[in-house]
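Just so we're clear, the structure is a prediction, and the values are computed from it rather than from any experiment. Heavy-atom basis, side chains included; hydrogens, waters and symmetry copies ignored.
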Amino acid sequence: MAPAEESATSMPSSVLRWRLLRQAFLPPRSTQLRSSSCSPSTSDFSDCLSHGEMKQISRKPMGGFNLVPHHIVETTEEYAQANMRTLSPSGTKDVLIEYNLSLGRTVNLMLLQRQQNHVDRRDFEICKEHEIDNTGVVCIWPSEEVLTYFCILNADMFRNKRVLELGSGYGLAGLSIAACTDAAEVVISDGNPQVVDYIQKNITANVGSFEDTKVTSLLLRWGQDVVGQLGHNFDLIIAADCTFFKEFHADLAYTLKSLLALCKASQAIFFSPKRGTTLDLFLRAVNSHGLHVKIHENYNSHVWDLHRKFMEHDSCACAWPNYDEEHCYPLLIIISS
């Protein structure tokens with residue numbers, strides 16, 4: 001007889017998605033049970049999806065490259081409100097995560113992020129209102145982790161440079177550049193106003209780590225007059241996993257063309273998985289503007305070694321249950337005018 005987890009994946013994807021939606025919006029059954037006199041039954045836990053079921057319907061990573069050590073900071077709500085000013089009254093919406101960055105000296109960043117698997121109905125209202133996606137508040141995606149690691153290892157590349165991060169999410173890569181590389185300026189942007197609010201709070205919380213680097217947040221919508229909005233050129237433009245949604249390809253490519261046209265020496269550094277045909281389609285849009293593209297598959301020996309182990313389903317402690325090269329391994333893409 002096949003194991004329960006394997007046989008469960010034969011359930012229709014539509015059913016699994018409804019169960020996942022229920023799981024996201026409703027509090028855990030164990031929480032409900034603690035607040036009532038009911039006793040648990042088998043059906044009380046039927047909404048929880050197995051790893052096999054999650055892999056069937058979700059692209060959210062159930063693992064990571066673990067390149068940047070981090071942990072949740074246990075703190076009181078009073079401390080969080082005084083220093084981050086963001087926890088909800090119940091204290092269940094957000095968590096503080098400390099990231100340990102090492103480059104000659106040790107730098108610790110404190111980032112406010114959503115709790116794992118927390119979903120707010122307001123997220124979807126904001127997305128509909130602004131015609132954007134909510135991936136920036138879902139998690140720190142593997143590509144952002146790799147981008148952060150790459151930037152720390154190549155700190156000299158950013159010294160005295162003006163840097164713009166597009167589609168930043170919580171801003172880990174941009175904040176790491178500001179804290180570790182002696183960049184002249186770092187602008188951390190996103191098109192989702194809710195995400196930009198997180199970015200600004202994370203900038204404020206870590207301002208003591210930036211020394212002379214100017215760091216700002218920015219609400220930036222691709223395809224609009226970004227040049228007029230920014231006011232000057234940038235030496236380096238960085239982004240991670242920003243090519244997922246095909247409907248944004250044209251606007252993102254146009255934004256890159258506009259920014260790179262300001263200075264011939266500028267270049268964009270993207271990290272992105274293939275994700276089927278989405279990356280190829282985005283690069284076609286980039287090429288249509290006359291921009292030049294270079295793709296690097298093996299850009300760091302450590303990251304490449306981890307990738308190979310994940311592909312071989314290595315049983316070590318760092319194993320990644322739903323690792324898939326197409327959706328998890330980011331390629332390094334250099335774009336120039």
Side-chain angles (χ1 to χ4, degrees), residues 55 58-68 133 135-136 138-155 157-158 163-169 172-174 176-177 190 222 236-257 259-260 266-314 318 320 322-337:
K55 184 174 181 180
S58 176
R59 287 294 81 185
K60 183 179 177 182
M62 286 185 278
F65 291 95
N66 295 319
L67 300 168
V68 184
D133 66 86
T135 52
V138 172
C139 64
I140 297 287
W141 294 88
S143 294
E144 177 84 357
E145 181 189 5
V146 175
L147 172 61
T148 300
Y149 182 71
F150 176 87
C151 293
I152 294 173
L153 289 182
N154 295 277
M157 178 188 300
F158 300 94
V163 183
L164 169 66
E165 183 175 12
L166 302 174
S168 305
L172 177 60
S176 298
I177 291 172
D190 202 279
W222 304 334
L236 292 164
I237 302 159
I238 64 170
D241 214 349
C242 285
T243 65
F244 179 74
F245 294 102
K246 299 174 184 176
E247 57 267 35
F248 298 141
H249 285 177
D251 287 342
L252 179 54
Y254 175 79
T255 294
L256 283 176
K257 174 195 173 185
L259 292 171
L260 294 174
S266 299
Q267 64 178 6
I269 301 171
F270 275 45
F271 278 88
S272 181
K274 293 180 180 178
R275 293 190 183 278
T277 62
T278 56
L279 179 58
D280 288 338
L281 291 172
F282 168 69
L283 295 179
R284 287 183 196 174
V286 168
N287 287 328
S288 71
H289 288 290
L291 299 176
H292 303 287
V293 175
K294 293 182 179 179
I295 302 174
H296 303 272
E297 185 178 22
N298 185 354
Y299 43 82
N300 177 269
S301 59
H302 180 50
V303 176
W304 183 253
D305 185 54
L306 288 172
H307 164 60
R308 291 180 63 184
K309 287 182 177 179
F310 294 143
M311 288 297 293
E312 295 166 2
H313 303 289
D314 193 291
C318 63
W320 188 334
N322 67 336
Y323 188 82
D324 175 86
E325 180 176 13
E326 284 278 313
H327 296 87
C328 299
Y329 183 72
L331 301 173
L332 167 60
I333 302 143
I334 307 296
I335 304 172
S336 58
S337 59

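- Within the model, atoms OG1 of T255 and CZ of F248 stand 12.0 Å from one another, a figure rounded to the nearest 0.5 Å.
- Atom SG of residue C242 and atom CZ of residue F271 lie 13.0 Å apart, to the nearest 0.5 angstrom.
- Scored by the salt bridge (Lys or Arg N to Asp or Glu O under 4.0 Å) test, D251 finds no partners at all (sequence neighbours excluded).
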Hey, can you pull the donor-acceptor pairs under 3.5 Å for the side chains in residues 295-303, sequence neighbours left out?
residue	atom	partner	partner atom	Å
Y299	OH	P330	O	2.6
N300	OD1	H302	N	3.0
N300	OD1	V303	N	2.9

Go through it in stages, so that I can follow the logic: the residues are H307 and Y323, the test is ring pair (Phe, Tyr, Trp, His ring centres under 6.0 Å), and I'd like the CA-CA distance, side-chain angles, deciding distance and then a yes or no.
CA-CA 9 Å; H307 164 60; Y323 188 82; 5.8 Å; yes
Please test F282 against I333 for side chain to side chain contact (heavy atoms under 4.5 Å, CB included), starting from the C-alpha separation and ending with a verdict.
CA-CA 11 Å; F282 168 69; I333 302 143; 6.0 Å; no
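- From L259, atom CG reaches atom OG of S337 across 11.0 Å, with rounding to the nearest 0.5 Å.
- Rounding to the nearest 0.5 Å gives a distance of 10.5 Å between CG of L283 and CG of L291.
- Side chains of D241 and P273 form a contact here, defined as non-hydrogen atoms less than 4.5 Å apart.
- At a cut-off of 3.5 Å, with distance as the only test, no side-chain donor of S176 or T148 sits close to an acceptor on the other residue.
- Counting only distance, with no hydrogens or angles, the side chain of E145 and the backbone of F65 share a donor-acceptor pair below 3.5 Å.
- Distance CZ/F158 to CD1/I152: 10.0 Å, rounded to 0.5 Å.
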| message | Checking I335 against H292 for the side chain to side chain contact (heavy atoms under 4.5 Å, CB included) test, could you report, in this order, the C-alpha distance in whole Å, the side-chain angles of both residues, the deciding distance, and whether it holds? | response | CA-CA 6 Å; I335 304 172; H292 303 287; over 6 Å; no
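- Annotation for S143 and S272: closest pair OG-CA, 4.2 Å, computed over non-hydrogen atoms.
- Of all non-hydrogen atoms in D190 and G167, the two that sit nearest each other are OD2-C, 3.4 Å.
- Nearest heavy atom pair, residue H249 against residue T278, reads CE1-O, 3.0 Å.
- Under a 3.5 Å cut-off, the side chain of E165 and the backbone N or O of I238 do not form any donor-acceptor pair.
- By the 4.0 Å N-to-carboxylate-O rule, D280 lies too far from R284 to be salt-bridged with it.
- Here the side chain of D324 pairs a donor or acceptor atom with the backbone of H327 at under 3.5 angstrom.
- Counting heavy atoms from C-beta on, the side chains of L67 and L306 come closer than 4.5 Å.
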- Given side chain to side chain contact (heavy atoms under 4.5 Å, CB included), test H289 with L256 step by step and report yes or no. CA-CA 9 Å; H289 288 290; L256 283 176; over 6 Å; no
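- The NZ atom of K274 sits 13.5 Å away from atom SG of C328, with the distance rounded to the nearest 0.5 Å.
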